[in-house]
Amino acid sequence: MFFSTGNKLTIPNMHLSEQEIIRREKLEKLLALGIDPYPPEAFPVSIHAAHLKEFFEEDAEGKPLNFQEVSLAGRLMSFRVMGKASFAELQDSSGRIQLYISRDDIAPGEDKTLYNEVFKKLLDLGDFIGVQGYAFRTQVGEITVHVTGLKLLAKSLRPLPVVKRDEEGHIFDAFTDTEERYRMRYVDLAVNPHVKETFIKRTKMVSAIRRFLNERGGLEVDTPVLQSIPGGAAARPFITHHNALDVPFYLRIANELYLKRLIVGGFDWVYEFSRNFRNEGMDRTHNPEFTILEFYVAYKDYFWMMDTTEALLEQAAMETCGTTDVQVGDKIINFKAPYRRVSIYDAIKEHTGEDVSGMDEAALRTLCKKLHIETDDSMGRGKLIDEIFGETAERHFIQPTFITDYPVEMSPLTKKHRDKPGLVERFELMINGKEVANAYTELNDPIDQRERFEEQVKLMERGDDEAMFIDHDFLRALEYGMPPTSGIGIGIDRLAMLLCNQHTIQEVLFFPQMRPEKFEE
RNA sequence: GAUCUCGUAGCUCAGCUGGUAGAGCACUUGACUUUUAAUCAAGGUGUCCUGGGUUCGAAUCCCAGCGGGAUCACCA
C-alpha cells in the first residue's frame, strides 16, 4: 500500500513511532500552507559542498572573493536554532557544508512564516532542501553559506539515526548495527560517510583496472549469465527454469568457457567483469553473487600473465589508494611489482619441510594424517596436494605471491607444463593469505581437453561433487582451433576488500545477501 | 548445516541473585542574530524480538521459534 499526500496520512496497521506521526503531521501543515513537500520541478544546483569549501577565497580582511551567488541541495543533517538566526548543516553527495539562516533574510517582509513555521518547526533532519545564498566565513572560521532562499525538495518521514562528532572527530551514537546497515544501506550511506568512501574507492579500483585493460587493447564483452551447462569452475550452481523452452538453466558459476569461445572466434584480448553465482555457504568472505574479472589473451602464456597481473595490481593500488603500500588490518601490503614466484611444491616444502613432488596418492594420504588434515576417498592426488597447501602454507603468503605449477588433476582446463611432468602451467596469486587470482596457460589441445573432461567424469563418479561437466560445444570450439592463450580470473570483491581495508565482503557490496525480511501487512 | 553469542525508545546503550523500564542524543514546548557534540528551562517516548513455560510476580530464569554476528564445515 502506498502513502499518498492528501488525506491518507497513515497506513492502517502500520506501527508508527511518535516521531513518525509528528513528521506526518508536519506534512499536513506544509500542505495547508500551500507548500508541496515533493515538488516536481528540477532544482538548479550550482555547486557542491566540498568544491565550495575547497575553492572559497577571501582577501586579507576576510572579505569573500567568490561564490557570492550559489545554490546547493541536499539533506538537512543538523540544526542549531538561536532565535532569529540559525545554523544548519546541508549534506550533498560531496559532503557537508554549514548554512546560516537568519529570519529577516529568508523572510524579509512582514510575513515570517517561512522562518518561524516552515524552517524552525516543519523541517526535520533528513529532509532534502535546496538553498540559494552567498559564501562567507563565520567568526569561528567555518566556511558557511548565508542563505537567502530556501525550498523544501523532499520531506523525510522517518528519523535518520543522528550521528555526532566532536572536535577531535570522536563519533557518538554511530549507526553500527550490521543487520540494519546492510538491510537499509540507504540509511548507512546517508549517515556514515566512511561507508560511502569505501564504495567510491571500489568503483575507482574497477575504473583503474578497466583503463589498464583498455589501454592495452582489451575488449570488454558480455557473455551469458544463463547457461545450460554451468562450466568453467567447480561449484554448486543456482538452477532456474526457462518456460518457453521448458529446460533448466543455471546461473553462471564462471564465464571462462564463453570467453575462450571468443578467442576461438578471433579476438586477441577479451575481458568481462562477471557476476557469478554459487549456491554455497555465506560468510565474511563469501556472498552468493560476486564479481570475478576474467580476461583471456591470445598468443600469451602464464609467465606473461604474471607480468601483466603485477602491473595491473600495481596500477590499481596506485590509482585507488594513491600508494602501492596499502594498509590492510595491521599489515602493510606492498603491491609494487614484481611479486615473488614460488611453485606449490616449494611452498609446501617451505612450510612443512616435506617434499611432496614425488609422492603418490598413498604417500600423500599418510602425510595428511601426520599433518592432521582430514581426507576422504573422493580425493585424488591433486586434491590432496591442494589440501596440504591450503592447510599449511596458504595463510603465510601475506605479500603478493604467485604460487605456480599445480598438479594436473585439479586443473582440467590448463595446459600441461612444458617441462615439469604431472604439473600444469597455472598460478594462483596469494595476498594476505588468501587467493585473489587464478590463471593458466590455457589448454587449447581439444584431444587433451576431452580426456581431461573424462577424468572429471571419473572423479564425479568417485563422489567428487565439485568435478566439472563436459561441455561438448566448448570441445567443438577447441576443435576448430584456439590459439595459444593465457587467461586469468581476479576476485574483484576480494581485491576491493584489500584495497579498501575491509575484512568482510559485505562491506564492499552495496546490498549483501541477507535472509529476506518479513514485512507485516 | 553445527557450536557459541546477541536482540530493551528513532540511534547508542544501562537495567544486579526475578519486584512491574532508565540515560545521552534525537523528538515536543519555550528562550536566544555568528553557533558547531551549541546552550538554557520544561516534557516522556517502549510489542523489553516472537510464542509458550516456571512463578504471587519475568526485560531478567527455562523451552521453542525468528533475525543478526562470530567460529567451523563447503567454497572464491
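Chain letters run A, B, ... following the sequence lines, proteins first, then strands; residues in each count from 1. This structure is a prediction, so every number in the text was calculated from the model and none was measured.
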Atom-pair distance (CZ on A:Arg80; C1' on B:U35), nearest Å = 6 Å
For atom CE of A:Met282 and atom C1' of B:G1, their distance in whole Å = 14 Å
Choosing from B:U35, B:U29, B:A37, which nucleotide comes nearest the side chain of A:Lys121?
-> B:U29
Between A:Arg426 and A:Glu442, does at least one N-O distance fall below 4.0 Å, as a salt bridge requires?
-> no
Checking only heavy atoms, does the side chain of A:Thr138 share a donor-acceptor pair with the base of B:U35 at less than 3.5 Å?
-> yes
Round to the nearest Å and state the distance from A:Asn438 atom CG to B:A76 atom C1'.
-> 9 Å
Rounded C1' spacing from B:C48 to B:A21 in Å | 8 Å
If you take atom types as modelled and just measure distance, does the side chain of A:Tyr100 reach the base of B:U33 with a donor-acceptor pair under 3.5 Å?
-> yes
Where the side chain of A:Arg515 is concerned, which of B:U12, B:A38, B:G68 is the nearest nucleotide?
-> B:G68
Carboxylate-amine/guanidinium proximity below 4.0 Å for A:Arg202 and A:Asp493 | yes
Results of ring pair (Phe, Tyr, Trp, His ring centres under 6.0 Å) for A:Tyr134 - residues two or more places apart only | A:His146
A:Ile101 atom CD1 is separated from B:U34 atom P, nearest whole Å, by 14 Å
For B:A73 and B:A14, measure between their P atoms and round to the nearest Å.
-> 32 Å
Among B:U35, B:A26, B:U33, the one nearest A:Lys84 by side-chain distance | B:U33
Of the listed B:A26, B:A73, B:U28, the closest approach to the A:Asp283 side chain comes from B:A73
Out of B:G68, B:G24, B:A26, minimum distance to the side chain of A:Arg183 belongs to B:G68
B:G69 pairs with, by Watson-Crick or G-U criteria that keep both distances under 3.5 Å = B:C4
Per atom distances to the A:Glu18 side chain, the nearest of B:G44, B:G10, B:A37 is B:G44
Under a 3.5 Å cut-off for both distances, is B:A9 Watson-Crick or wobble paired, and to whom?
-> none
Record whether the side chain of A:Asp177 comes under 3.5 Å of the base of B:G68 through a donor-acceptor pair of N or O atoms.
-> no
If you check the A:Lys164 side chain, which of B:U12, B:G68, B:A26 turns out closest?
-> B:A26
Under 4.0 Å between any heavy atoms, over every strand shown, what does A:Val140 touch: base, sugar-phosphate, or nothing? Just pick one.
-> base
For the base of B:A76, is there a side-chain donor-acceptor partner from A:Glu435 under 3.5 Å away?
-> no
Check whether any side-chain N or O of A:Lys26 sits under 4.0 Å from OP1 or OP2 of B:U28, and answer yes or no.
-> yes
Select base, sugar-phosphate, or nothing to describe what A:Arg181 touches, counting heavy atoms under 4.0 Å on all strands.
-> nothing
In terms of side-chain heavy atoms of A:Phe172, which of B:C27, B:C25, B:A37 is nearest?
-> B:A37
Look at the side chain of A:Thr504 and decide which nucleotide, out of B:A76, B:U35, B:A70, has an atom nearest to it.
-> B:A70
Report the residue (A:Ser78 or A:Thr176) whose heavy-atom-nearest nucleotide on RNA chain B is the more 5′ of the two.
-> A:Thr176
Tell me: CD of A:Glu289 to P of B:A76, nearest whole Å?
-> 17 Å
For B:U71, does OP1 or OP2 lie under 4.0 Å from any side-chain N or O of A:Arg284?
-> yes
Check the distance between B:G10's C1' and A:Ile21's CD1 and give it to me in whole angstrom.
-> 13 Å
Just wondering, do A:Glu197 and A:Cys500 contact through their side chains at under 4.5 Å, heavy atoms?
-> no
Looking at every strand, decide which applies to A:Lys383 at a 4.0 Å heavy-atom threshold: base, sugar-phosphate, or nothing.
-> sugar-phosphate
Between B:U55 and B:U71 - P atom distance, rounded Å | 41 Å
When you check the phosphate oxygens OP1 and OP2 of B:A76, does a side-chain N or O of A:Arg494 lie under 4.0 Å from one of them?
-> no
Decide yes or no on side chain to side chain contact (heavy atoms under 4.5 Å, CB included) for A:Glu289 and A:Gln513, but give the supporting numbers first.
-> CA-CA 8 Å; A:Glu289 54 182 294; A:Gln513 199 58 246; 4.1 Å; yes
Please figure out whether A:Leu125 or A:Ala85 has its closest RNA chain B nucleotide nearer the 5' end.
-> A:Leu125
Could you tell me whether A:Arg210 and A:Glu220 make a salt bridge, using a distance below 4.0 angstrom between a side-chain N and a carboxylate O?
-> yes
B:A26 versus B:C72 - spacing of their P atoms, nearest Å = 42 Å
Rounded off to whole Å, could you give me the CG-to-C1' distance for the A:Leu16 and B:G46 pair?
-> 15 Å
For B:G10 versus B:U45, give the span between their C1' atoms, rounded off to a whole number of Å.
-> 10 Å
When you compare B:A38 with B:U28, how far apart are their P atoms, in angstrom units rounded to a whole number?
-> 16 Å
Whole angstrom value for the distance that separates P of B:G1 from CZ of A:Arg236 | 11 Å
Say you pick atom C1' in B:G7 and the same atom in B:G51; how far apart are they, in whole Å?
-> 16 Å
Ignoring hydrogens and angles, are the base of B:U35 and the side chain of A:Gln98 linked by a donor-acceptor pair under 3.5 Å?
-> yes
For the side chain of A:Glu179, starting at C-beta, report the closest nucleotide among B:A37, B:U29, B:G67.
-> B:G67
